[in-house]
Amino acid sequence: RDLLQKLGGAAALKDELTFSGFVDPATDELTVNEKPFNVFAHFAAGKMEQPQIAKEQEALGDYKSRYLICANRPDNDRHWDSSDPKWISKASMAFRHRFLTTKNLHWQWFNLLIAGIVPPEQGGVSAREALAEVEHMKLAALRFARNVGGWSDQVGLYVNVFGHNNVNSLFVHILDMSEVGPGFHVQAYKNCPLDSVLKVLREEAASGLAAQPQVPAPMAPMKPMATKAGTGHFFFAGTDGATSLKAEIIGRVPVLKDASSYREARRLLMEELGGAGTLRAELIRFGFVDDATNMLTTGNAPFNIFAKIAAGIVKQPNMEAEQALLGEYADEFQVASNRPENDEHWDSEDPEWVGKASMSRRHRFLTVKDLHFQWFNALGFGLVDEEWGGVGKVAALQKIEKMKLAALKYTRGMKGWSDRVGLFFHVFGHNSVNSLHLHVLDMKELGPTFWKFEYKNCPIDAVIKVLSEELDHHSGHSGNLKLLTEVASQAAAAANEAQRLMEEAREKKKHLAGDQDVVHLNVGGELVTISKETLLLAPQGTVLHDLFVDTWDSGGGRLDAEGRVFLNFPPRAFKYIADHLRLIQLTPPSILVQPPRVPFESRAEFLEVSWLLGLHRLVDGPQWGCGADRDLGPRPRPPWPCCARRRPPPLKTTPSKPAAKPTQSSSAPAPAPAAGAGAGIGSGGAK
């Protein structure tokens, strides 16, 4: 619905795929070139083969002339059950995992987002015909799973809809759901069941959905960019299915937080990605730049908040006094603030706020009042041609140095700020707003959002350093070599100081967590904060206890990008267990703590995770508290969820300190209990 009514329909999507090189405009078919590389299109066209699974193709029966079975890379199959972050996002999602693709390379089948909505005059089929085709895909996949041998009857069929896909040709994931790996849970947010697609297609076929889009303001056509040599056309590599410059940069430079990564992003833009012309074309296409004036737009679609603030269209209340602190820089730059609620939650570790709350207790933005697109982001500083109004690298460097001085003048005059100031850009690809904004942070009090975005917080001094280097190597500025060398040296020193501040803040964060005996865990992608003492209430010999003794004392265990311990467990079930351990720790030893009340739909997962951690007895029956012995008064206890006679006797849980890891038992682990079973295996659960 959004594609048809708001985003330009199938025509806009085809335009994007054509621009990025995935569709040949002459034939309307998917391309099979080296750039962009489209692996399933190569298989379907016969340009690539997988001899090791040739026999599996026979399992399709009559469908083998219409569809193709493909396998993952062998190393991805081998690591299907790995919890290592290196593999978890690219390994196969199950022990048995195959892909079904179509041999029809017409672009309407590149992804099921557009099934049945490509207009007939462009070679598209009707909604009813698209429904019939997808029904055949389902039948072919199920026939394969039934005939190939070794598969259970628990077959899952999933697609990744455009926007969440990493290959721009159709593929249906065929999974044996009896043995799924961690990757399935990690990618669950984008695994759309094929039956859900069929349900929507049936609704559309019944209602006679029209394929014509209703677009208030159509996008500007996007022409392929010519290469520097003037031969052929420029196309993206299509990294992770990228169909835009922004997505390509994210795929090629996933971490952009220092001079080396900023330098690489600019090199890619100029040498491989079409230069400032590609950048301008993309911004014009999506409505952020006016083609006639080369200025950032300030309308409501798209909504560009910092451009609107710089233009005076949006006025933030109570910011006049702060703007005055810029002094002589006030006419060139504008101070802006975050939303009040984002400032208020700067130190919140709630997943709802981490990522949108302010990065520090004191966090402001500095933007430029000049709306020419050359200043929209640090990636393009000094790279825009004169024909589009570009000022060149010398003027760009002077502008950014002045911006730094303005930010520091503001923080010196603003009451309450320390002298530990961090200035950061989010370089294009990793930016969330397409108008320039310098993050001005008091590094003395950083919040969780800063660490979440550390991978893309690029210091302004790193930008100045790279711009200085580029000028130093430009022959036309050899007369200023001494001055440029001095500027580059100062920028390098400042960049190193910014890095030192970040390292110091990181160490402070770690020491603070250690002093307070608090552990910040990344459990299946969600943040869990809990004390080490609480975790070690798990009986010795259990997986949780042994795992955490290793992680805390000897540095074992995996860390995520923010330096938190990563536990690859379903977060919902783990949180029930963590809360139960907290209650045991808080409850006096003379009182029994009742088992967790877990909703029926979560019960099976909860019991599985409890068993995996070796805590099934601890959470299945009442347990004595181990907190301070104190009088709780005459308050009545809430009723138990079921008869206490059916429960096993409570384990004796006492506060535990890190100890030497016990000798592992040589016996084989017992099987997991059935959901709802009361009998336990003992405190030493299977690993």
Side-chain angles (χ1 to χ4, degrees), residues 79 81-89 91 181-183 185-186 255 347-351 353-355 446-455 502-503 505-582 584-585 605-606 608-615 618-619 655-662 685-687:
H79 291 86
D81 58 350
S82 174
S83 298
D84 188 332
K86 173 184 176 183
W87 291 104
I88 201 167
S89 61
H185 301 290
V186 168
V255 176
D347 58 348
S348 174
E349 295 180 339
D350 188 329
W353 291 104
V354 176
L446 297 173
T449 296
F450 177 84
W451 302 108
K452 179 179 179 65
F453 289 156
E454 183 188 8
Y455 74 96
M502 290 179 63
E503 293 294 337
R506 188 184 293 107
E507 289 302 315
K508 178 182 177 182
K509 178 189 176 190
K510 290 181 179 178
H511 289 315
L512 187 62
D515 292 342
Q516 296 180 348
D517 217 21
V518 171
V519 186
H520 301 285
L521 304 176
N522 178 344
V523 182
E526 294 189 16
L527 182 64
V528 175
T529 302
I530 190 171
S531 73
K532 177 177 63 172
E533 183 181 9
T534 303
L535 284 170
L536 293 177
L537 287 177
Q540 293 189 17
T542 61
V543 172
L544 182 62
H545 187 282
D546 292 351
L547 171 67
F548 213 80
V549 168
D550 285 348
T551 301
W552 190 264
D553 288 349
S554 62
R558 296 181 301 280
L559 302 179
D560 66 8
E562 282 75 42
R564 296 184 294 243
V565 175
F566 176 75
L567 298 180
N568 190 40
F569 291 100
R572 178 174 55 183
F574 187 89
K575 287 178 179 179
Y576 284 122
I577 295 169
D579 287 343
H580 188 56
L581 291 174
R582 291 185 179 107
I584 292 174
Q585 185 182 32
E605 179 183 88
F606 168 74
E608 287 290 335
V609 174
S610 302
W611 173 76
L612 288 170
L613 292 172
L615 302 179
L618 185 68
V619 301
S656 173
K657 295 181 179 179
K661 191 172 181 178
K687 283 193 176 181

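Considering every non-hydrogen atom in both Pro539 and His545, the closest pair reads O-CB, 3.5 Å. Between Gly355 and Lys452, the shortest heavy-atom distance links the atoms CA-CD, 3.7 Å. In terms of heavy-atom proximity, Pro182 sits nearest to Ser83 at CG-OG, 3.9 Å. Here the shortest heavy-atom pairing between Leu535 and Phe574 reads CD2-CZ, 4.4 Å. When all heavy atoms are compared, the tightest approach of Trp451 to Leu446 is CZ2-CD1, 4.0 Å. Scanning all heavy atoms of the two residues, the minimum distance from Ile530 to Ala578 falls at CD1-CB, 3.8 Å.
Atom CG of Leu581 and atom CG of Leu618 lie 6.0 Å apart (nearest 0.5 Å). Note: Ser348 OG to Trp353 CH2 = 8.0 Å, rounded to the nearest 0.5 Å. The distance from atom CG of Leu615 to atom CG of Leu537, rounded to the nearest 0.5 Å, is 10.5 Å. The distance from atom NE2 of His185 to atom CD1 of Ile88, rounded to the nearest 0.5 Å, is 9.5 Å.
Glu349 is linked by a side-chain contact (heavy atoms from CB on, under 4.5 Å) to Pro448, His520, Leu527, Thr529, counting only residues two or more places apart in sequence or in another chain. By the side-chain contact (heavy atoms from CB on, under 4.5 Å) test, His580 pairs with Ile584, Val593, Pro596, Val619, Gln623, sequence neighbours left out. Contacts of Asp579 classified as salt bridge (charged side-chain N to carboxylate O under 4.0 Å, His left out), with partners at least two apart in sequence or in another chain: Arg582.
When atom types are taken as modelled, the side chain of Thr449 and the backbone of Val354 share no donor-acceptor pair closer than 3.5 angstrom.
With contacts defined as side-chain heavy-atom distances shorter than 4.5 Å, the pair Pro570/Glu608 does not qualify. Side-chain atoms of Pro571 and Val528, non-hydrogen and from C-beta on, never get closer than 4.5 Å to each other.
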What do the steps show when you test Lys575 against Glu526 for side-chain contact (heavy atoms from CB on, under 4.5 Å), and what is the final call? CA-CA 10 Å; Lys575 287 178 179 179; Glu526 294 189 16; 2.6 Å; yes
Evaluate the side-chain contact (heavy atoms from CB on, under 4.5 Å) criterion for residues Thr542 and Leu613: first the C-alpha distance (whole Å), next the side-chain angles of each, then the deciding distance (0.1 Å), finally the verdict. CA-CA 6 Å; Thr542 61; Leu613 292 172; over 6 Å; no
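Between Phe606 and Tyr576, the ring planes are perpendicular. Angles over 60° get that label, and only those under 30° would be called parallel.
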